[in-house]
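Data block below; observations after.
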Amino acid sequence: MNRLSWFNTVSLTLGFAFLYIPMVILVIYSFNESKLVTVWAGFSTKWYGQLLKDQAFLNAAWVTLKVAVMSSTIATVLGTMAAYVMVRSGRFFGRTLFSGMIYAPLVMPEVITGLSLLLLFIGLGLDRGVITIVLAHTTFAMCYVSVVVSSRLVTFDKSLEEAALDLGCTPAEAFRLVTLPIIAPAVVSGWLLAFTLSLDDLVIASFTSGPSSTTLPIKIFSAVRLGVSPEINALSTVMIGIVTIGVIATSLITKSQKVRQQRDEQEAARAQ
């Protein structure tokens, strides 16, 4: 077993310190009694209470969650369809153009994407609101889902689908009963990635949102411009806690599934 060298250990330590020390400081100062975030005046949880009473932040959080769920779901459906076409359809007329249009948002600056979508919505006469944000987030998140699902479909054994077709399944049934369950982890990963990107987006949402559809990143950015308050620290701490719980839960579920799979394989080997 290879051991870490002192250089790798120091580099790893500095890297983690650079990433997580600011978060630790933020969490500590979210319990600060003082309104000044740089002056420690004692332990207090009052800012969490004020956060729960701040209707503007709560409304922004609800809009952000609603937009993230809708946009990630639509992006997952469209991205999976696009990935299936790209991998299974082989060479067809317009494939290069189709592929470029799918992957263009990956390299397109968000300012350009947001501005172009804004001009499109104005040209179509759509009032900016939740619907326009959902459409915008679906546009740039779909390509990420397509990349994730495509990577799984490339390594997928097509003989499983062919066997299902030989046994009487229609192409739709073969996809639903065979292909989709096998690529489900990639589809779920694509949904989670799209959900995270939607939660984190500021630039595109600022172009496509309306007065009654302010997302949480826009609200935080507007509040920070007037000065960082402990209430924002409390909100950030809550978000860090939710992400941490989600990561731990996912890790435990993945580990339990791996253990169950290994146990099933061992039982199958003993049965032989």
Side-chain angles (χ1 to χ4, degrees), residues 65-108 131 134-199 243 245-272:
L65 184 62
K66 183 166 54 175
V67 167
V69 171
M70 289 192 293
S71 63
S72 58
T73 302
I74 299 173
T76 300
V77 174
L78 297 179
T80 302
M81 294 170 61
Y84 191 84
V85 171
M86 291 298 299
V87 175
R88 293 301 175 84
S89 297
R91 304 296 302 179
F92 58 88
F93 179 75
R95 176 186 171 88
T96 302
L97 177 62
F98 183 67
S99 176
M101 292 176 66
I102 291 177
Y103 300 134
L106 287 171
V107 296
M108 190 73 67
I131 299 300
V134 170
L135 293 175
H137 284 186
T138 301
T139 300
F140 80 87
M142 185 183 71
C143 60
Y144 292 92
V145 177
S146 179
V147 170
V148 174
V149 177
S150 295
S151 63
R152 181 64 185 91
L153 283 171
V154 168
T155 60
F156 182 82
D157 188 1
K158 293 179 62 175
S159 62
L160 298 175
E161 281 186 348
E162 295 172 354
L165 294 174
D166 292 339
L167 292 173
C169 288
T170 63
E173 291 175 341
F175 178 82
R176 180 173 59 88
L177 299 174
V178 178
T179 306
L180 189 58
I182 295 176
I183 67 172
V187 175
V188 173
S189 299
W191 188 92
L192 292 173
L193 179 59
F195 184 81
T196 304
L197 291 171
S198 179
L199 287 179
V243 171
I245 294 172
V247 170
I248 294 174
T250 303
S251 300
L252 293 176
I253 293 173
T254 303
K255 184 177 180 180
S256 63
Q257 290 177 346
K258 186 178 295 185
V259 171
R260 189 182 304 113
Q261 181 180 359
Q262 292 176 351
R263 185 172 61 249
D264 293 341
E265 291 176 353
Q266 291 174 356
E267 291 178 356
R270 284 196 298 266
Q272 293 177 356

From [atom1] ([X]) to [atom2] ([Y]), nearest 0.5 Å:
X    : Y    : atom1 : atom2 : result
L78  : T73  : CG    : OG1   : 11.0 Å
K158 : T179 : NZ    : OG1   : 10.5 Å
I183 : S189 : CD1   : OG    : 11.5 Å
T80  : M142 : OG1   : CE    : 10.5 Å
S71  : F140 : OG    : CZ    : 7.0 Å

Kindly give the heavy-atom pair with the smallest separation between [X] and [Y], and that separation in Å.
X    : Y    : result
A83  : S146 : CB-O, 3.6 Å
L177 : P181 : O-CG, 3.4 Å
S198 : V67  : OG-CG1, 3.9 Å
A68  : L199 : CB-CD2, 3.9 Å
E161 : A174 : O-CB, 4.4 Å
I102 : A82  : CD1-CB, 3.6 Å

How far apart are the C-alpha atoms of R152 and I182, what are their side-chain angles, what is the distance that settles it, and do they pass the side chain to side chain contact (heavy atoms under 4.5 Å, CB included) test?
CA-CA 9 Å; R152 181 64 185 91; I182 295 176; 3.1 Å; yes
With sequence neighbours excluded, tell me which residues meet side chain to side chain contact (heavy atoms under 4.5 Å, CB included) with T170.
A172, E173
Applying side chain to side chain contact (heavy atoms under 4.5 Å, CB included) to L193 and V145, what does each step give before you reach the verdict?
CA-CA 7 Å; L193 179 59; V145 177; over 6 Å; no
Pairs meeting criterion ring pair (Phe, Tyr, Trp, His ring centres under 6.0 Å) with involvement of residues 148-175, two or more places apart:
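Residue pairs passing ring pair (Phe, Tyr, Trp, His ring centres under 6.0 Å), neighbours aside: Y84-F175.
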State whether the side chain of S256 and the backbone N or O of L252 hold a donor-acceptor pair below 3.5 Å, judged by distance alone.
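Yes; at least one donor-acceptor contact below 3.5 Å.
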Tell me whether the rings of F195 and W191 are parallel (<30°), tilted (30 to 60°) or perpendicular (>60°).
parallel
